[in-house]
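This one's a predicted model, so the numbers in the text were calculated from it and none came from an experiment. In what follows, every chain begins at residue 1, and chains take the letters A, B, ... in the order their sequences are listed.
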Number of protein chains: 2
Amino acid sequence: MKVLLIEDEQELRRSIRAFLQDVGFLVESANDFPSAMEKAEQYAYDAVLVDITLPKGSGLDIVRMLRKQNPNTGIIIISAKGSLDDKILGLDLGADDYLPKPFHLPELVARLRALIRRKQFAGNQAIELDELRIVPDDKLVEVNGQRVDLTVMQFDLLLFLVANKDRVLSRTAIVEHVWGEMADRLDHDHFLYSHMKNLRKKLLEKGSKDRIQTVYGLGYRLSSHA
Amino acid sequence: MKVLLIEDEQELRRSIRAFLQDVGFLVESANDFPSAMEKAEQYAYDAVLVDITLPKGSGLDIVRMLRKQNPNTGIIIISAKGSLDDKILGLDLGADDYLPKPFHLPELVARLRALIRRKQFAGNQAIELDELRIVPDDKLVEVNGQRVDLTVMQFDLLLFLVANKDRVLSRTAIVEHVWGEMADRLDHDHFLYSHMKNLRKKLLEKGSKDRIQTVYGLGYRLSSHA
DNA sequence: TCCTCGATCAACAGCACTTTCATGCTTGCA
DNA sequence: TGCAAGCATGAAAGTGCTGTTGATCGAGGA
C-alpha cells in the first residue's frame, strides 16, 4: 500500500511517516505545494494524506486535481483548521475523509485502512458474492438477479458488512462507521438489532443465503462462502 | 493487557505497578535478572518494561531474548543512564521505545498505550500452523480453509496457547492470562477442563490435528508440529 | 392536513455461553 | 496390581446477550 503524505510541519511529517511505515505502509512525502503536485501527478497512490494549509498553495487544489486524475485514490484531509467550511469544501471536492488536528496516529491508521478497503469496492464495479450482487454507486442490490429494495440505512449497513466480509465486526464499530458521529448515544445495540433484523429479512425473502451471522458476545460477520 | 515490569528498585517498582494497575493493565513484575528472564521466557506479554541496570545481569540481554522469541511483544526500556549509547543499543536490539529516568507515570502510560495499539495494528497478520489458521483481528479461525466457530472464551484460550506454542502452560497461568483479574473467584481447574474439552472438540471436528496435549501434573501444551 | 413509511427505542421472551457439579476414566507411583 | 491424584466428560443451572414485537416519533408525499 502506497501512501503520499503532504504535510509541511517537519516534526509531524516525520512522526506520521514513521508510524505508517511501522504498520506496513510505503510512504512518500512532500512538504510544500509544488513538490506535492508533482508527486501526486506523477504516480498513482493508494491513498493521499493532505494538509490544507501548505506553503505556496492550498491542499484543496491538490484534492481537486487528484480527484480529476484518479477516482480510485483515497484522499484524507488533515487540517488544523477545524473550520466546517474547509471540511465541507474538501469533501465536496472529492476527499473521502477529514481528520482535524490534533489526531491520534492509530486513529489515522484505522481510517486509512478503512478507506483503502472501501476504495477497493468503489468504482462502479459491482461486488458479487454468489447470489448476491451490489452496485455501490447505483445503490443497487440484487439477489439472483432480482432487485432488493433497501432503505439507505440498510444499504450502508450491508455495504459495510460486505466491505469487511469474513471479519467479526463489533456493534460499536458498525454503528460508528454507518451512523458516523451521532454514534455517541447510549442505546446503540437495540436499534442495530432492529436494522439487522430488517436487513436479514429482506435478503432472505429474496432467497439469499444466510450470510449475516451473529457472533455471540462480539458482533456480526458476513460470510463470503455461506 | 498484560505487562511485565522488570525493575530492581522496590519503591519505583511498586509505584509503577500500582499506577498501571489503576489504569487497567494486568501487571507482573520481576526484580532481578534471573527471575525476569524466567518470566519473560515463560509467557507471552503484550508489553515488557525493562530497566537496563539489573542485579545479576543486563536488561539488554532480556531485550535481545524477547525480541528473538516473540516479535509481537512491545518492549520499552526504562533506564537511569541517559547515555545515548544505551538508547541506541537498546533500540537496535529491537526495543520499541526508550524512556529515561526520571519520568512521569502518565507519560509512561501514554507510550505504553501507543505502543500496544501500534503492535495490534501491525499484528494483523494471520498465524498459520499447517492446517490451522488464526486471524486475531478478524476473530477468525480456520482449519484447512474451513471456518471454525469458536466462542469468545474458546478463541482467547486458543490464542493464548498458540502465542505460547510448544511451551507447557500451567492451568494457573492460562486462567490468569485468559480470564484476567476475575480469576480469583473461579473454580480454576474444573471450568478450564470444560473449555479445553469444547475447544479440542471443535478443532478436531473440523479435521485439525490433535495439537493440544495434556501434560500430566503440569498443564497443557500446543504443539506446532503435531 | 392526513397518511405512510422508515428510524428509533423499550420490554420481554428465548437462547447461547459460561460455569459448576457429579461421575467415571487415566496416569504415575509404590 | 492397586490406589490416590489428576483429568475428561456430560448434564444442568445460571447469567447475560440477542431477536422480536410493537409503540412512538418525524419526514416526505398526496
**Q** Would you please classify the geometry between the His195(B) ring and the Trp179(B) ring as parallel, tilted or perpendicular, with 30° and 60° separating the classes?
**A** tilted
**Q** Any side-chain N or O of Thr214(A) below 4.0 angstrom from OP1/OP2 of dG19(D)?
**A** yes
**Q** In whole Å, I'd like the distance from the CZ atom of Phe155(B) to the P atom of dC17(C).
**A** 15 Å
**Q** On the nucleotide dG19(D), are OP1 or OP2 found under 4.0 Å from the side-chain N or O atoms that Tyr220(A) carries?
**A** yes
**Q** In whole Å, what is the span from the NE2 atom of His190(B) to the P atom of dG24(C)?
**A** 14 Å
**Q** Expressed as a whole number of angstroms, how long is the span from Leu192(A):CG to dA10(C):C1'?
**A** 16 Å
**Q** Does the side chain of Ser35(B) come under 3.5 Å of the side chain of Asp32(B) through a donor N or O and an acceptor N or O?
**A** yes
**Q** State the CG-CG distance between Leu222(A) and Leu132(A), to the nearest 0.5 angstrom.
**A** 7.5 Å
**Q** Using whole Å, report how far CD of Gln154(A) lies from P of dT8(C).
**A** 11 Å
**Q** With side chains defined as the heavy atoms from C-beta onward, is the minimum distance between Leu199(A) and Phe155(A) less than 4.5 Å?
**A** no
**Q** Answer with yes or no whether the side chains of Arg17(B) and Ser29(B) bring together a donor and an acceptor at under 3.5 Å.
**A** yes
**Q** Taking atom P of dC7(D) as reference, at what distance in whole Å does atom NE2 of His195(B) sit?
**A** 17 Å
**Q** Classify the side chain of Tyr193(A) and the base of dT18(D) as holding, or not holding, a donor-acceptor pair under 3.5 Å.
**A** no
**Q** Measure from CG on Asn198(A) to C1' on dC9(C) and round the result to the nearest Å.
**A** 13 Å
**Q** Hey, is the side chain of Arg200(B) poking within less than 4.0 Å of OP1 or OP2 on dT9(D), counting only N and O atoms?
**A** no
**Q** Please report the distance, rounded to the nearest Å, between CZ in Phe191(B) and P in dC21(C).
**A** 13 Å
**Q** Does Trp179(B) place a side-chain N or O at less than 4.0 Å from the phosphate oxygens OP1/OP2 of dT19(C)?
**A** yes
**Q** Over how many whole Å does the gap from Lys201(A) atom NZ to dT21(D) atom C1' extend?
**A** 11 Å
**Q** With heavy atoms under 4.0 Å as the rule, sort Ser194(B) into base, sugar-phosphate or nothing.
**A** base
**Q** Does a side-chain N or O of Lys197(B) approach OP1 or OP2 of dC7(D) to a distance below 4.0 Å, or not?
**A** no
